[in-house]
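Computed from heavy atoms alone, side chains included, the values below leave out hydrogens, waters and symmetry copies.
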Amino acid sequence: MSEQKFIHIVCSVLFFLFTFSYLFFFQADVMTVTQHLASVGQTFYNPLLGAILITIVLKLLQIGVSSLVRLTKRGGYALTYFPSFLFLTIISDLKPASHGVSFGNWVWISPVLFVIYFFVIISVKRYEPYELESRSIGPFSQQVWSSLLILLGLFLFTGLFSNTDEHFHQRAKIESLIDKRDYVGALHVIKTVSNTDSAMSMLTIYAIARCHQLSDSLFYYPLIGGSDVLRPGKVHSWLQPDSILQKSTRNSANYQLVGFLLDRNLHDFARYLVKYYPIDTIRPRYYREAYQIYLLHKKGLKPKGPFAAGSYAAYYFGQRTK
């Protein structure tokens, strides 16, 4: 086997392994959100099929570039992968926008990079005829290691400049799991979130409601935004249409009561509670806790702390966030 053929095989194998793994294991949920928003909900993304197709298309792009520039020495073949890695980085760094997705700074950065790449290729082509032949051959030759170092640099380029925002990935994961109706899985991810936001709070409430635990376990999860995050309006889901969320929650008595609890509005809560749960013994946990706090407030009293984690008292007397 010739050295050039060996380099082509090694680079191709590493490219396939990296690109497929990157798309399937790290960016699958982000790509799901991106395609849904880019197509305005008309198409969906299959992680396995998508990773395979994108990897193949990017490899075909590299083959086209390689056949066009025909670089053969000192890692030149590895340079033909740059356009493929640039496109991979761009599509995995698209951000949700008010209408579809946004390319962000890539709108002007990518043309600049392509111009720089063009001049690099021209310079390498001009230098190649004067380059001394490598004295070492085989799998540990200078050409092989030059190609591997260039490929490693391209791996790092994609890893550093694509979307690696932890909060964004967590939100995309939660959205994807809820879209698959894996509400328990979504709640497991939500528990790992360090900084929640209003949209994530809405998804949290919706997932808990779908698990029929709204009045018993809601306040174990981070929540902000009060009753404004109960339904779409000020916040929206990336994957769930507003109409679906509205339809499945608008007639829910628990949603109405929980809305009062989120706003710490115990006066209206107590007024509506007796309509839905006239007998104290049938009231769920949080409703009993909230009603006890309401009765103590009427007497000018306050329950003694410390309050158990996940209790309504811990939420009610805790730090208020908007």
For residues [X] and [Y], report the shortest heavy-atom separation together with the two atoms involved.
X: V274; Y: R283; value: CG1-NH2, 4.0 Å
X: Y45; Y: A51; value: OH-N, 3.5 Å
X: S92; Y: V30; value: O-CG1, 4.3 Å
X: T192; Y: V189; value: OG1-O, 2.5 Å
X: S237; Y: L245; value: CB-CD1, 4.1 Å
X: C11; Y: S147; value: SG-CB, 4.1 Å

I'd like to check the ring pair (Phe, Tyr, Trp, His ring centres under 6.0 Å) partners of F219; sequence neighbours left out, ordered by chain and number.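 Ring pair (Phe, Tyr, Trp, His ring centres under 6.0 Å) check on F219 returns Y286, Y312, Y315.
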
Using ring pair (Phe, Tyr, Trp, His ring centres under 6.0 Å) as the criterion, list what pairs up with F118, not counting sequence neighbours.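 Applying ring pair (Phe, Tyr, Trp, His ring centres under 6.0 Å) to F118 gives none.
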
In terms of heavy-atom contacts, does [atom1] of [X] have more than 12 from other residues, nucleotides or ligands at under 6.0 Å?
X: H212; atom1: NE2; value: no
X: E166; atom1: CD; value: no
X: R181; atom1: CZ; value: no
X: F87; atom1: CZ; value: no
X: F157; atom1: CZ; value: yes

Flag the pair [X] / [Y] as yes when at least one side-chain heavy-atom distance between them is below 4.5 Å, and no otherwise.
X: F161; Y: I109; result: no
X: Y77; Y: V69; result: no
X: L113; Y: W106; result: yes
X: L203; Y: I178; result: yes
X: E289; Y: Y291; result: no
X: T196; Y: L223; result: no
X: S243; Y: K247; result: no
X: L230; Y: T249; result: no

Give, for atom [atom1] of [X] and atom [atom2] of [Y], the distance between the pair rounded to the nearest 0.5 Å.
X: R264; Y: F269; atom1: CZ; atom2: CZ; answer: 14.0 Å
X: I190; Y: S201; atom1: CD1; atom2: OG; answer: 9.0 Å
X: T164; Y: Q27; atom1: OG1; atom2: CD; answer: 8.5 Å
X: Q256; Y: D268; atom1: CD; atom2: CG; answer: 9.0 Å
X: F44; Y: S39; atom1: CZ; atom2: OG; answer: 10.5 Å
X: L79; Y: L154; atom1: CG; atom2: CG; answer: 7.5 Å

So which of F20, F16, Y22 actually passes ring-ring contact (aromatic ring centres under 6.0 Å, His included) with F18?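 Exactly one pass, corresponding to Y22.
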
Is there a donor-acceptor pair under 3.5 Å between the side chain of Q246 and the backbone N or O of P232?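 Checking the backbone N and O of P232 against the side chain of Q246, a donor-acceptor pair under 3.5 Å is found.
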
Test item: S311 side-chain N/O and F307 main-chain N/O as donor-acceptor pair under 3.5 Å: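 No, because the side chain of S311 does not come within donor-acceptor range (under 3.5 Å) of the backbone of F307.
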
For [X] and [Y], does a side-chain donor sit closer than 3.5 Å to a side-chain acceptor?
X: D263; Y: S227; value: yes
X: K173; Y: Q170; value: no
X: D29; Y: H169; value: no
X: S12; Y: Y81; value: yes
X: T89; Y: S162; value: no
X: Q240; Y: Y206; value: no

Under the criterion side-chain contact (heavy atoms from CB on, under 4.5 Å), I'd like the reasoning laid out for L14 against F155: C-alpha separation, chi angles, the key distance, then a yes or no. CA-CA 10 Å; L14 291 177; F155 291 165; 4.1 Å; yes

Output, in order, the C-alpha distance, side-chain angles, deciding distance and verdict of side-chain contact (heavy atoms from CB on, under 4.5 Å) for Y255 and I205. CA-CA 9 Å; Y255 255 67; I205 296 168; 3.7 Å; yes

Pairs touching residues 183-211 that satisfy salt bridge (charged side-chain N to carboxylate O under 4.0 Å, His left out), sequence neighbours left out: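 Residue pairs passing salt bridge (charged side-chain N to carboxylate O under 4.0 Å, His left out), neighbours aside: none found.
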
Shared hydrophobic cluster, [X] / [Y] (ILVMFWY, side-chain heavy atoms < 4.5 Å):
X: I282; Y: Y272; value: yes
X: I52; Y: F25; value: yes
X: L296; Y: L273; value: no
X: V120; Y: L151; value: yes
X: V40; Y: W238; value: no

For side-chain contact (heavy atoms from CB on, under 4.5 Å), just list the numbers for C211 and L187, CA-CA rounded to whole Å, side-chain angles, deciding distance to a tenth of an Å, and then say yes or no. CA-CA 10 Å; C211 292; L187 292 174; 4.0 Å; yes

Any chance you could lay out the side-chain contact (heavy atoms from CB on, under 4.5 Å) test for I91 and M31, step after step, and finish with the verdict? CA-CA 8 Å; I91 64 174; M31 296 298 292; 4.2 Å; yes

Taking the six-membered ring for Trp, are H297 and Y316 parallel (under 30°), tilted (30 to 60°) or perpendicular (over 60°)?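 Geometry flag for Y316 against H297: tilted rings.
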
